[in-house]
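Report on one structure; see the data block that follows.
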Amino acid sequence: MNPRLAAFGLVLAAPFAVQPAAAQSAGQISADYAVSFLGMSIGSGTMVSTTDGRSYRTTLNARVTGMAAMFAGGAGTASASGQIAGANPVPASYSVEVRSGGKTETTQIGMAGGNVASVVRNPDKPPHTRATPVLPEHLRGVVDPLSAGIFVAGGSGPVTGAAACDRRSRIYNGVVRFDLIYSFAETRQVDIGGYKGEAAVCRVRFEPVAGYRADRSDIAAARRRSAEVILVPVAGTRTLIPAKITLSTGYGTGIAEATRLALNPGQPAARRASAD
């Protein structure tokens, strides 16, 4: 398995994203993550998300590290912004830039009312001749990969209970339309990235919809396997953030785990920085 693809698959793709704090709590949260594959370090990421209670902006910076950097160095930046409607994100824009081997690839998606309004890719590669077509109906009622990372536990029950995982995310990344289907596994005590306490554990299933090649073995394998996501709560909200993602593949197990979590959006910036 290409180490660079493994790193960016875990770091730059949904559902691995810092969440905007819930609408009732303005401020900023941030996190650092380490990515490993077969027990070896292959990547790292830093994410920051801010909200004023009505709008949000999330940024992610990731790079290949460790032994993987000797074979396929690279780095990437992604950002998303939009409005918060109730407990749901309504994306306005999404952009991602991946730099590797002296080349840069970018994707920019404009959105309005939950629908894709524009897509600009550079270089602008045509779809593969065997890829399933992306039709206009596939681009309605969707979110971008970063905005898809907003987890809000519905109802009034425990934040780390089943409500944290009750969701199906309809995602478009500029090429592929796919769904991530979450189901509740358990509530677990964890000690990750400085957070100690209860967490919701979700299983995640991948379902391709359009823009993919049905004859690709990795797509077929992804449909058969599920990932595990551990979600921890943001202080004072019903929002949760991924603290650890475990993905089993035919080549081995990949893990993205928080090394630092700053989960108090109401804390002043200076105090938050000193605490970190």
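Looking only at side-chain heavy atoms (C-beta outward), Ser248 and Glu228 stay at 4.5 Å or farther from each other. The side-chain heavy atoms of Pro91 and Tyr172, taken from C-beta on, include no pair separated by under 4.5 Å. Side chains of Val96 and Thr77 form no contact here, defined as non-hydrogen atoms less than 4.5 Å apart. Proximity of Leu240 to Val159: side-chain heavy atoms (C-beta onward) are separated by under 4.5 Å at one or more points. Put simply, the side chain of Glu97 reaches to within 4.5 Å of the side chain of Thr104, judged on heavy atoms. Contact annotation: the side chain of Thr259 never approaches that of Glu257 to less than 4.5 Å [non-hydrogen atoms, C-beta and beyond].
Summarising the geometry of Arg260 relative to Ser30, their closest heavy-atom pair is NH1-OG, 3.1 Å, with the distance given to 0.1 Å. Across all their heavy atoms, Thr246 and Lys244 have their closest contact at OG1-CE, 3.9 Å. Closest heavy-atom contact between Tyr56 and Pro89: OH-CB, 3.6 Å. Counting all heavy atoms, side chain and backbone alike, Leu261 lies closest to Ala31 at CD2-CB, 3.7 Å. Here the shortest heavy-atom pairing between Phe151 and Pro242 reads CE1-CG, 4.3 Å.
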Test side-chain contact (heavy atoms from CB on, under 4.5 Å) applied to Arg205 and Ser183, step by step: CA-CA 8 Å; Arg205 184 166 58 86; Ser183 60; over 6 Å; no
Audit row: Gln28, Ser49, side-chain contact (heavy atoms from CB on, under 4.5 Å) steps and yes/no: CA-CA 6 Å; Gln28 175 179 293; Ser49 186; over 6 Å; no
From CA spacing to verdict: side-chain contact (heavy atoms from CB on, under 4.5 Å), Leu231, Ile241: CA-CA 5 Å; Leu231 302 173; Ile241 178 174; over 6 Å; no
Criterion side chain to side chain donor-acceptor pair (under 3.5 Å) on Ser95 and Ser79, from CA distance to verdict: CA-CA 5 Å; Ser95 65; Ser79 66; 3.0 Å; yes
Test log, rule side chain to side chain donor-acceptor pair (under 3.5 Å), inputs Asp32 and Thr46: CA-CA 4 Å; Asp32 296 332; Thr46 296; 3.1 Å; yes
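Listed by chain and number, the residues in a salt bridge (charged side-chain N to carboxylate O under 4.0 Å, His left out) with Arg177 are Asp179 (sequence neighbours excluded). With sequence neighbours excluded, the residues that form a salt bridge (charged side-chain N to carboxylate O under 4.0 Å, His left out) with Asp215 are Arg130, Arg213. A search for side chain to side chain donor-acceptor pair (under 3.5 Å) contacts involving Arg121 returns nothing, not counting sequence neighbours. Every residue was checked against the salt bridge (charged side-chain N to carboxylate O under 4.0 Å, His left out) condition with Lys103, not counting sequence neighbours, and none meets it. A search for side-chain contact (heavy atoms from CB on, under 4.5 Å) contacts involving Ala227 returns Val204, Leu247, not counting sequence neighbours. Under the side chain to side chain donor-acceptor pair (under 3.5 Å) criterion, Ser93 pairs with Ser81, not counting sequence neighbours. Every residue two or more places apart in sequence or in another chain was checked for a side chain to side chain donor-acceptor pair (under 3.5 Å) with Asp166, and none qualifies. Shown here are the side chain to side chain donor-acceptor pair (under 3.5 Å) partners of Arg167, two or more places apart in sequence or in another chain: Ser169.
Hydrophobic clustering, with ILVMFWY side chains joined whenever heavy atoms are under 4.5 angstrom apart, groups Tyr33 together with Val98. Both Val119 and Leu146 are members of a single hydrophobic cluster when ILVMFWY side chains are connected at heavy-atom separations under 4.5 Å. Residues Val175 and Leu180 are members of one and the same hydrophobic cluster, defined by side-chain heavy-atom contacts under 4.5 angstrom among Ile, Leu, Val, Met, Phe, Trp and Tyr.
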Using distance only, find each side-chain donor-acceptor pair of residues 131-142 under 3.5 Å and give its atom names and separation, not counting sequence neighbours.
| residue | atom | partner | partner atom | Å |
| --- | --- | --- | --- | --- |
| Thr132 | OG1 | Gly211 | N | 3.0 |
| Thr132 | OG1 | Tyr212 | N | 3.4 |
| Thr132 | OG1 | Tyr212 | O | 3.3 |
| His138 | ND1 | Leu135 | N | 2.9 |

Show me, pair by pair, the donor-acceptor contacts under 3.5 angstrom made by side chains of residues 189-203, not counting sequence neighbours?
| residue | atom | partner | partner atom | Å |
| --- | --- | --- | --- | --- |
| Tyr195 | OH | Glu198 | N | 3.3 |
| Tyr195 | OH | Glu198 | O | 2.5 |
| Glu198 | OE1 | Thr160 | OG1 | 3.2 |

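Here side chain to side chain donor-acceptor pair (under 3.5 Å) pairs that include residues 105-120, with residues two or more places apart or in two chains, are Glu105-Lys125.
Residue Ile245 is tested with Val229, Val35, Ile255 for a side-chain contact (heavy atoms from CB on, under 4.5 Å); the sole match is Val229.
Taking CD1 of Ile29 as the start and OG1 of Thr58 as the end, the distance is 7.5 Å to the nearest 0.5 Å.
Side-chain atoms of Ser147 do not come within 3.5 Å of backbone N or O of Asp144 as any donor-acceptor pair. Side chain of Thr51 to backbone of Ser55: a donor-acceptor contact under 3.5 angstrom is found.
Ring-plane geometry between Phe178 and Phe206 is classed as tilted, the angle between the planes lying from 30 to 60 degrees on a 0 to 90 degree scale.
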